[in-house]
Novice: 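Sharing a structure here in structure tokens format.
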Amino acid sequence: MRVFKFGGASVRSAGAVKNVGEVLRTQSEGPLLVVISAMGKITNKLEELVEAYYHTKETKKQLFEEVRFFHQEITNELQIDEYDYYEVDNLLIELECIIEKKRDESSSYDTEYDRIVPFGELLSTKIVSTYLNKIGYKNRWIDARNFVITTNKNRAANVLWDESVPLIKGSLEPLIEKQTILTQGFIGRGLNHKNTTLGREGSDYTAAIFAYALDAESVTIWKDVDGVMNADPRRFENAVLIPKLSYNEAIELAYYGASVLHPKTIQPLKNKAIPLYVKSFLDPSKPGTVILENASRTLNETQCYIVKDNQSLITIASKDFSFIVEDNLEIIFNAFNTAGVQLNLMQNSAISFMACFTADEIKSSQLEELLSDKFNVDLEKGHTLLTVFNYNNGNNELKSIVNSRVIALEQKSSSALQLLLRD
Ligand code: ASP
């Protein structure tokens, strides 16, 4: 069996959903499980909705209406009839009921996030599954939350393999022989039976979880680019395709933030030597990229650029001028862990520690609260993190990107150069 994953861009409109139907019709052979994300940028919209709901802002109604309208428009265009539409409508009603009620004061932001944001994936998969059945591509919708069992940590749950694998294998293996299975990426269920999510862009990881449990032949991630490129082609004119990568190279690229892959995706595939294809849903005949164990180290010769926007720089200095060594570092890292902040670059000097992470108001204020007793904490938004792999192989692009921008942090390893640039 094989696993296909379609991201938000591949289902962002009725036309895009029709194209998914076409890719499935022409590219799927044999047993298949399909993982699908929320449509277009709906996860961002739902994040805004959580924010408005949590802080009881008036805008929540308007945001909900935008979510409803977006999905209704697509179902109308796909000519999904009333009878089939009721399941989509039920989800919208359920979401509306949640946001109209007064929030439980004891519930945390992250719990509310995981209650609301998964509606994006649920709506998307209901619509796509219904459409595919309508055009004769028979498939069965399943709820990923019954199979991907996780820790209770909201927004960054860890998969419990011992619980999830037997469930997936036991229930889905017999089903998949009969028809294609279609499910949601990104979402799971904690041991407390509440929704969890796997972190933004987590649908790739979901595909890897199902592939691992079902001993898949391969996983294909369908993207709006030709495969894994050495830079984002929307930003770099001269971006080129990397035809082959080893698992380790892919893990390294994902670690530094190459948005083409979710960082946790590779490990389960590597453990079972399952090849991962990254291909274009716009032109499936193109070869794309394959990631496997014995791929030659193509990256040795290719300079890669990874850009992360919207970074906050935090500077933490001890108030008593004590050195930033083991004891202080323990306090600092505990605070990052408690606030759920993932660091993208860090550096320390005698009495200060500097790091950057993707800007987040709530996490930032939690960090300040946790650290301000013992440290002076300074937070500065508006930075971009640039990582260059194999930076020694000529640096023409690098000069033009940095231009006259201020470099706030700089770090070099034998293969990667990282620069935090002030916007
Ligand atoms: N919909 C989620 C997100 O936008 C998960 C995913 O697309 O992988 O982050």
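Note that ligands are numbered from 1 as they come in the structure, with each ligand's atoms numbered from 1 the same way. A quick note: this is a predicted structure, and the numbers were derived from the prediction, not measured.
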Novice: Under 6.0 Å between ring centres: does that hold for F389 and Y256?
Specialist: yes
Novice: Please state which protein non-hydrogen atom is closest to atom 7 (O) of ligand 1 and give its distance, to 0.1 Å?
Specialist: S37 OG, 3.1 Å
Novice: Using non-hydrogen atoms of the residue, decide whether G202 is closer than 4.0 angstrom to ligand 1.
Specialist: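 A heavy atom of G202 does come that close to ligand 1.
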Novice: How about E380 and S312: does a side-chain donor come under 3.5 Å of a side-chain acceptor?
Specialist: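 On atom types as modelled, these side chains do not qualify, holding no pair under 3.5 Å.
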Novice: Strictly by modelled atom types, are D423 and T384 linked by a side-chain donor-acceptor pair under 3.5 Å?
Specialist: yes
Novice: Using a strict 4.0 Å threshold on nitrogen-to-oxygen distance, state whether E66 and K45 make a salt bridge.
Specialist: yes
Novice: Can the positive tip of K272 be found less than 6.0 Å from the middle of the six-membered ring of Y212, inside 45° of the ring normal?
Specialist: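 So K272 does make the cation-pi contact.
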Novice: For ligand 1, which atoms have a heavy atom of S203 less than 4.0 angstrom away?
Specialist: 5 (C), 6 (C), 7 (O), 8 (O)
Novice: Using heavy atoms and a threshold below 4.0 Å, how should the contact between E121 and ligand 1 be classified: side chain, backbone, both, or neither?
Specialist: side chain
Novice: Number the atoms of ligand 1 from 1 as they appear, then name those within less than 4.0 Å of a heavy atom of R200, with their elements.
Specialist: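 Result: 3 (C), 4 (O), 9 (O).
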